[in-house]
Every structure is written in C-alpha cells, then in structure tokens.
Amino acid sequence: MNKLDSELVRASLVSAGFEFVNRIEEADLILFVTCSVRDHAETRALSHIGNLRAFCRKRPDVIVGVMGCMAQRMGAELTERFPHVRIVCGTRAFPLIAGIVAEATRTGGPVIRLDEEFPENGPDREPSQRPSRHSAYVCAMRGCDNWCAYCVVPSLRGPQVSRQPREVIREIEALVADGAVEITLLGQNIDSYGRDLPGDYSLADLLEDVNAIPGLLRLRFITSHPKDLGPRIPQAIARLDKVCEHLHMPPQSGSDRILKLMNRGYTREYYLELVGRLRDAVPDIALAGDFIVGFPGESNEDFEQSMSLLREVRFQQCFLFKYSTRPGTRAEKMPDQLPEDVIVERHQRLLKEQERIALENHKAMIGREVEVLAEGPTRKKPEMLTGRTRRNEIVIFQGEAGLEGKLVSVRIEETTPVAIYGKLTNTSPV
Ligand code: SF4
C-alpha cells in the first residue's frame, strides 16, 4: 500500500507541474512516505529525516515533508523534534499534497494535516504516471476494521472504505488502455471488499468484472485475511483465467492461544481447513504467509506450533517478522513481553526452516515449463531478464529487452531459495 501511495503522490505532483530529480542536491522538495507497522521502519525513517538537518541549514529553501502512517501517528511531534520538517501529511491527506506543498512554500510552514476525510474513491491518477509500464497496483479499499492486537493500521488509516466498483474498473480500463497487462488489487483486508458498500457486491464479483476487461492478462489481489476469505474466492481463482494462482494469506501464528491474544478471529484448525479448500479448488496454488515471532506471552510450545504450521503448509514464500511493540496497540499493554534475544533466536530458526522449504519447492520446479511475464533486465546483467510466474515466483532468464510486458515460456533449470533460473523456450506462453 505504501508503494501505491508513493506512486499516487508522485502522480499528483507531476500533474501539478513538479519534475523528479535523481540527486538529493538538486531537489527543492523532499518527501518521506513512511510506515509505522514495525518499529524498525520508523527508526530508519527518523534517522533519514534527522540526517537532512545539516543539508537544510545550507539550503533553507528546501521543503522537507513527512507523509503516511508515521506522520499520522506523531503529528506535530515531528516538527518539534525536527524543525526542518515543514510538512506533516497524514494518511488521509495524501490527495491534497500538491496544495499542501504550495501552502508550505507560501507560508514557510509547518503545515500539519491529519484529520482530512479521504475522498470517497481515493485519488485518481493519470494512467501514464506509474513506474512500471506493464504492471500496476490499484487500490480497491483503504483502512481496516479488524483491530488485530499488534497492529496500528486501524487507528492510523481509519475504518474500512471500499471504492465503488465502477471507479476501480474505470481505473483498470484506463491502465490497460495505456499498456498495463498485470493488475494487483490492493486492500489491507481485501477479502472484506464491498462489505461497507450498499448491496452485496463482494471481492468475488470485482474479480469477475475485472477478469472480463479485454487486454488484461493477469490479475492478483492482496492481502487476504483467513477469517474473511469467503467460499466464492477459491472458486473465482479456479474459474477466472486471468486471476493468478497465488494468495498471500498470513497466519501470523500457529498457536490457538496466541491467535486469540492477537484477536485474529480464527484457529489453527480453521486455517488448515481453508488451505485444504484452496488446494482442492486450485491444486497448484502458491501460498504466501506472514508470521510474527515473539508476540507477548509466546511460549516455546506456542512457537513450535508456528514452526509446525510453516512445515505443514509449505508456503511458497513467507515474511517472518520479529514482534515489535507499537504504541497505542493492545499488545503494547500485554504482560510477558519477550526479551529480544529469545525473539531473535526463534526468528532465526523459522527463517532457516522457511529457506529449506523454499529451496525444496523451487527444486521441484526444475524441468517444468512455466508461463512468465517478462518484466525487464536484471540490475547486474542487462542481457538477463527477470519476470514472474503466475504463482509469483521470480524467474531469471536470458532474453531480449523487446520481450518486456509479454508472456513467454521458460524451462526451469536451476534454483536457489530466492531465485529461479530458466531458459527461454518460446516467446509466447505455454
Ligand atoms: S487485518 Fe491486517 S491491517 Fe487489519 S488490523 Fe489485522 S494486521 Fe492490521
């Protein structure tokens, strides 16, 4: 979501006449789009902001702004701590950024905007203003009503607000007309899309309608909450040809006791049943997950339950996070906060196990011919292209730059835990 927010900010500034530069020394405006989900992300952002102090002393004309979740959480504290920060733009004020910059230029700032109403349908952008020609993120909904005990999203981004289906579809049609072939629908809790809209239009209906857009080749959606993933979703993935066989559905823990403390609303058994239903409907589906390691009160036994869930599901990809206390969450006040060394040790063990599983999963692909959407040259070797399978695996193969944005066939020859290498066999899909 932060990536999309940055894209939308960039697009509205370009529409307002701003140009982007590659070197900070050339900039008149420096904006940080921040995340508060983990303490580490905030610490890094604060350190980057602090590092600009000397630069701003030499260039007092430069406007520095902080946007997004950390801006929403800290508000005026940011300008008190860093007087060179002249804009604080909260999560609902993004669409107003061009006007906010103009105000800060005119008045010298600071301009602090935290309590805006997000426009009903979110900011629209000029379809051409996006970083990738072939793939694009599209916001289907913002905010979340789930209140997981460790999460700051509901308090910083507000309650769930779904965009009207016709707005989402109109934006995707414009992106496809401009060359996008892969769309990823975004929402903090995408499976509950539509619940706040009149009628009974749901994510399954949206997938159906977007799937029908001519010219679109692939459709993805993230992030799925196990408790909200309805029975029509596995069927939609199985039936709709453009919907990719990939689902990011974080379990967060394998222990029922911890899931309850986290307020996740499902049990380990329910999660496994859901995985079974998904695999019955779509046998080749790739599942991605998130785990939080070291949630307050997590015993060794609870941790082993996470380890065994990771082994049982055999995720194609897993994001493993060390628990970090977030201000204002319920988990902040919970007893039995674990020492850092215990969290680090458990995190390492889980990482190692996931690496082993990922390598085995990747090795099983050797010899298979897969459909890859060619994305562009790799950073180190321009003669090599990178692309993604429908299951969201990254594949590296030799090919010409003209293949970018095309579906090609690649035979898998070699793998590592993070990358898969293959040989181009056909410049059209298998
Ligand atoms: S569902 Fe996701 S965004 Fe919503 S509260 Fe839980 S972790 Fe946060």
Side-chain angles (χ1 to χ4, degrees), residues 1-5 33-42 68-73 90-92 94 118 122 137-163 184-196 202-203 220-230 233 247-268 270-271 274-275 287-298 306 309 315 317-334:
M1 192 60 91
N2 279 8
K3 240 175 164 177
L4 175 65
D5 283 342
V33 180
T34 59
C35 170
S36 284
V37 169
R38 264 160 275 285
D39 181 54
H40 182 60
E42 282 201 352
C69 287
M70 194 177 76
Q72 186 75 35
R73 191 182 74 73
T91 51
R92 291 179 286 277
F94 272 71
F118 207 85
Y137 291 120
V138 171
C139 175
M141 58 182 288
R142 290 183 179 268
C144 180
D145 296 332
N146 273 340
W147 296 97
C148 298
Y150 51 83
C151 183
V152 285
V153 167
S155 60
L156 297 182
R157 289 201 174 249
Q160 166 175 330
V161 180
S162 302
R163 291 177 75 194
T184 304
L185 294 170
L186 295 185
Q188 256 93 20
N189 185 21
I190 191 85
D191 298 288
S192 63
Y193 171 81
R195 269 183 212 168
D196 53 316
S202 71
L203 176 65
R220 302 181 187 278
F221 57 99
I222 49 176
T223 300
S224 284
H225 193 303
K227 124 181 126 53
D228 295 315
L229 193 139
I233 296 300
L247 197 73
H248 184 192
M249 187 173 74
Q252 305 297 11
S253 170
S255 151
D256 284 348
R257 203 178 67 81
I258 297 297
L259 286 171
K260 195 155 182 213
L261 286 174
M262 286 176 164
N263 192 33
R264 289 290 288 173
Y266 53 88
T267 60
R268 173 195 179 92
Y270 179 84
Y271 187 89
L274 190 53
V275 168
L287 294 173
D290 298 353
F291 281 87
I292 295 174
V293 182
F295 188 78
E298 183 191 76
S306 290
L309 186 69
F315 294 93
Q317 192 185 22
C318 240
F319 303 95
L320 307 173
F321 301 104
K322 286 178 272 182
Y323 170 77
S324 68
T325 312
R326 304 312 299 129
T329 59
R330 262 199 283 158
E332 185 194 13
K333 308 252 162 27
M334 285 183 182

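Since we're looking at a predicted model, the values are computed, not measured. Counting convention: from 1, in listed order, for ligands and their atoms alike.
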Next on the checklist: Check for me whether Q252 has a heavy atom closer than 4.0 Å to any atom of ligand 1.
Outcome noted: no
Which protein non-hydrogen atom lies closest to [atom], naming both residue and atom, and how far is it?
| atom | answer |
| --- | --- |
| atom 2 (Fe) of ligand 1 | Q188 O, 4.2 Å |
| atom 4 (Fe) of ligand 1 | C144 SG, 2.3 Å |
| atom 8 (Fe) of ligand 1 | C151 SG, 2.3 Å |
| atom 7 (S) of ligand 1 | Y150 OH, 3.5 Å |

Expected output: side-chain [X] to main-chain [Y] donor-acceptor under 3.5 Å:
| X | Y | result |
| --- | --- | --- |
| T34 | M70 | yes |
| S306 | S253 | no |
| Q72 | G68 | no |

Item to check | Charged N-O contact under 4.0 Å between D196 and R163 | outcome: no
Checklist entry - Can D256 and R264 be counted as an ion pair, charged N to O under 4.0 angstrom? => result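 Looking at R264 together with D256, the answer is no, because their closest N to O distance does not fall below 4.0 Å.
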With heavy-atom distances below 4.0 Å as the criterion, list the atoms of ligand 1 near [X].
| X | answer |
| --- | --- |
| P154 | 5 (S) |
| H225 | 1 (S) |
| W147 | 5 (S) |
| N146 | 1 (S), 4 (Fe) |

Checklist entry - What class does the angle between the rings of Y266 and H225 fall in, given that below 30° is parallel, 30 to 60° is tilted and above 60° is perpendicular? => result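 Geometry flag for H225 against Y266: perpendicular rings.
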Item to check | Considering all heavy atoms, the nearest M141-M1 contact | outcome: O-CE, 3.4 Å
Checklist entry - Is there an N/O/S atom in C148 that lies less than 2.8 Å from atom 8 (Fe) of ligand 1? => result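 No, C148 does not qualify, because none of its backbone or side-chain N, O or S atoms lies under 2.8 Å.
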Item to check | Distance-only side-chain donor-acceptor flag, D191 / S224, under 3.5 Å | outcome: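 Yes, side-chain donor-acceptor contact under 3.5 Å.
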Item to check | Per-residue contact class, V153 against ligand 1 - non-hydrogen pairs under 4.0 Å | outcome: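 Under 4.0 Å from ligand 1, V153 contributes side-chain atoms alone.
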